[in-house]
Amino acid sequence: MPNVSFHDLSQLDVASRAALMRRSETDLSSFMEKAAPIIEAVRTEGDAALIRFARDLDKADLDAARLKVSPAEFDAAFGMVDEDVVAAIRFGIDNIRHFHEEQKPEAMWLKEMRPGAYAGDRFTPIRSVALYVPRGKGAFPSVTMMTAVPAVVSGVPELAIMTPPAPDGSVDAATLVAARLAGVETVYKCGGAQAVAAVAYGTETIRPALKIVGPGSPWVVAAKRLLAGVIDPGLPAGPSEAIILADDSVHGGLAALDLLIEAEHGPDSSAYLVTHSRRVAEEALAALPEHWARMTDQRVAFSTAVLTGAYGGIVLTASIEESYRFVNDYAPEHLEILSTDPFAHLGHITEAAEILMGPHTPVSIGNFGLGPNAVLPTSRWARTCGPLSVTDFVKRSSIGYVTAAAYPEFARHARTLARYEGFSSHEHAVSDVRDRYLVR
């Protein structure tokens with residue numbers, strides 16, 4: 001069996017503990033250096049650069065006429081996907097749509113702050129948003145569902161999916177099925193840093209967007225950072241990461257089973273089992289070979305690299321309280337609380353983007369359609385932001401309305417503060433000068 005990384009937290013010094021907090025995308029300097037010329041080429045050459053990078057980086061045979069998925073390709077996709085897969089996509093989209101419809105804010109609200117004076121918010125959709133769907137380590141119609149459904153619910157008028165092409169120039173058929181069922185008919189065969197640049201600047205084929213959302217490789221994350229002054233990069237969603245927090249009420253084999261879920265995404269993923277129970281830790285170690293025997297070779301290779309490397313393994317703590325502290329310090333993208341009484345632990349967790357409760361709620365169910373969004377902040381950004389939501393696709397405008405009856409009191413206080421801060425025009429705008437115009 002591979003030598004799975006095992007960390008007894010009580011035996012680690014400060015530096016070793018800090019090392020457990022690192023992710024593969026913590027230092028993106030090398031990716032940013034290599035992404036910069038890709039971005040510049042797309043900015044200056046447009047479609048020609050996209051075709052070249054598709055050939056050189058994706059090994060895909062494309063020309064400008066095939067950059068955009070055609071209606072015929074959409075139609076053909078439904079005949080290429082098994083009915084049970086289509087049914088699973090419909091099931092997930094239905095749940096995701098219901099969840100995000102409940103999450104959608106009122107179009108406008110106003111509250112009377114003082115008699116005759118009103119203030120509130122109005123929400124309007126962002127005009128154009130690009131949805132990034134990765135493909136490098138697999139096909140992800142679930143990401144299409146998670147990004148497209150809240151965008152459509154929010155009413156964004158211009159939506160486009162960016163996803164890397166296969167060597168034959170095609171797009172994953174299930175991704176096209178999910179796109180159409182979610183309500184998005186514009187899909188471009190373009191991935192990586194070049195996709196981010198394409199929607200930031202626009203090309204002859206691809207319309208520029210105001211924002212891009214969706215998870216991606218370190219190349220995508222690096223490009224988003226470099227282009228943050230050109231396009232809103234959305235929440236920081238990089239390589240997958242998860243913590244399985246297990247108490248002593250569950251079998252370690254179950255913890256091992258769920259530990260592999262995010263670990264199999266790729267060697268740049270992060271995955272830890274955190275438990276204060278040595279029994280659970282040892283059962284998990286013993287169960288891993290059995291679980292690996294049921295997986296494909298590629299996913300075994302990916303998850304083995306994670307669990308034997310610097311970004312994954314088993315963390316044994318001295319107490320459940322120390323487990324809580326580790327989880328909150330790590331601020332994971334996905335957190336599973338494996339316990340027969342998960343709500344006993346929930347109140348102790350403050351830093352996690354997604355919290356899945358109990359032995360019947362593995363990350364798989366969250367990823368594929370429970371309802372809450374599975375596009376989540378990574379690399380400790382869960383400390384300041386949460387999952388993708390309808391609010392990521394709308395913008396908020398403050399609304400204010402003061403009646404003639406309420407105006408004098410507000411004007412008097414505004415004059416006082418304007419005079420104190422030294423803004424004479426502010427003061428004059430609510431002085432007798434205004435009164436002369438108002439009486440006309």
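Counting from 1, the numbers follow the sequence of the chain as shown.
- Interatomic distance, F140 CZ to T163 OG1, rounded to the nearest 0.5 Å: 9.5 Å.
- Counting all heavy atoms, side chain and backbone alike, S379 lies closest to R23 at CA-NE, 3.8 Å.
- A side-chain donor-acceptor contact under 3.5 Å links T391 and S389.
- Separation of atoms CG (L227) and CD1 (I39) is listed at 4.0 Å; rounding is to 0.5 Å.
- Ring geometry for F423 versus H426: interplanar angle of 30 to 60°, hence tilted.
- Atom-to-atom distance recorded for L260:CG and S303:OG is 5.0 Å, nearest 0.5 angstrom.
- Using a cutoff of 4.0 Å between basic side-chain nitrogens and carboxylate oxygens, D168 and K59 are not scored as salt-bridged.
- Between R52 and E45, at least one side-chain N (NZ, or NE/NH1/NH2) sits under 4.0 Å from a carboxylate O, which counts as a salt bridge.
- The CG atom of L273 sits 8.5 Å away from atom CG of L245, with the distance rounded to the nearest 0.5 Å.
- R396 pairs by the salt bridge (Lys or Arg N to Asp or Glu O under 4.0 Å) definition with D121, not counting sequence neighbours.
- Using cut-offs of 30° and 60° for the angle between ring planes, the H348 and Y324 rings count as parallel.
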Take V149 and V152, measure what side-chain contact (heavy atoms from CB on, under 4.5 Å) needs, and give me the verdict at the end.
-> CA-CA 5 Å; V149 170; V152 171; 6.0 Å; no

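- For the residue pair E322/S319, the side-chain donor-acceptor check at 3.5 Å is not satisfied.
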Using the side chain to side chain donor-acceptor pair (under 3.5 Å) rule, take D8 and S10 through it: C-alpha gap first, then chi angles, then the decisive distance, then the call.
-> CA-CA 6 Å; D8 185 337; S10 65; 2.8 Å; yes

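- For E290, the salt bridge (Lys or Arg N to Asp or Glu O under 4.0 Å) criterion is met by no residue, not counting sequence neighbours.
- Side-chain atoms of S5 and T308 include no donor-acceptor pair closer than 3.5 Å.
- With rounding to the nearest 0.5 angstrom, the CD atom of E241 is 8.0 Å from the CD1 atom of I243.
- More than 12 heavy atoms of other residues, nucleotides or ligands sit less than 6.0 Å from atom CZ of R97.
- In this structure, R43 pairs ionically with E40, as a charged nitrogen and a carboxylate oxygen lie closer than 4.0 Å.
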Intermediate values then yes/no, side-chain contact (heavy atoms from CB on, under 4.5 Å), M162 and V133 = CA-CA 6 Å; M162 311 297 292; V133 178; over 6 Å; no

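- A donor-acceptor contact under 3.5 angstrom links the side chains of N367 and E262, judged on distance only.
- If you check the side chains of H100 and N373, you find a donor sitting under 3.5 Å from an acceptor.
- Using a cutoff of 4.0 Å between basic side-chain nitrogens and carboxylate oxygens, D329 and R383 are not scored as salt-bridged.
- Note on ring orientation: taking the six-membered ring where Trp is involved, the planes of Y272 and Y330 are perpendicular (angle over 60°, cut-offs 30° and 60°).
- Remark: R127 pairs with no residue by the salt bridge (Lys or Arg N to Asp or Glu O under 4.0 Å) rule, at least two apart or across chains.
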Assess whether side-chain contact (heavy atoms from CB on, under 4.5 Å) is satisfied between L62 and K189, documenting all intermediate values.
-> CA-CA 9 Å; L62 279 181; K189 304 169 185 178; 3.8 Å; yes

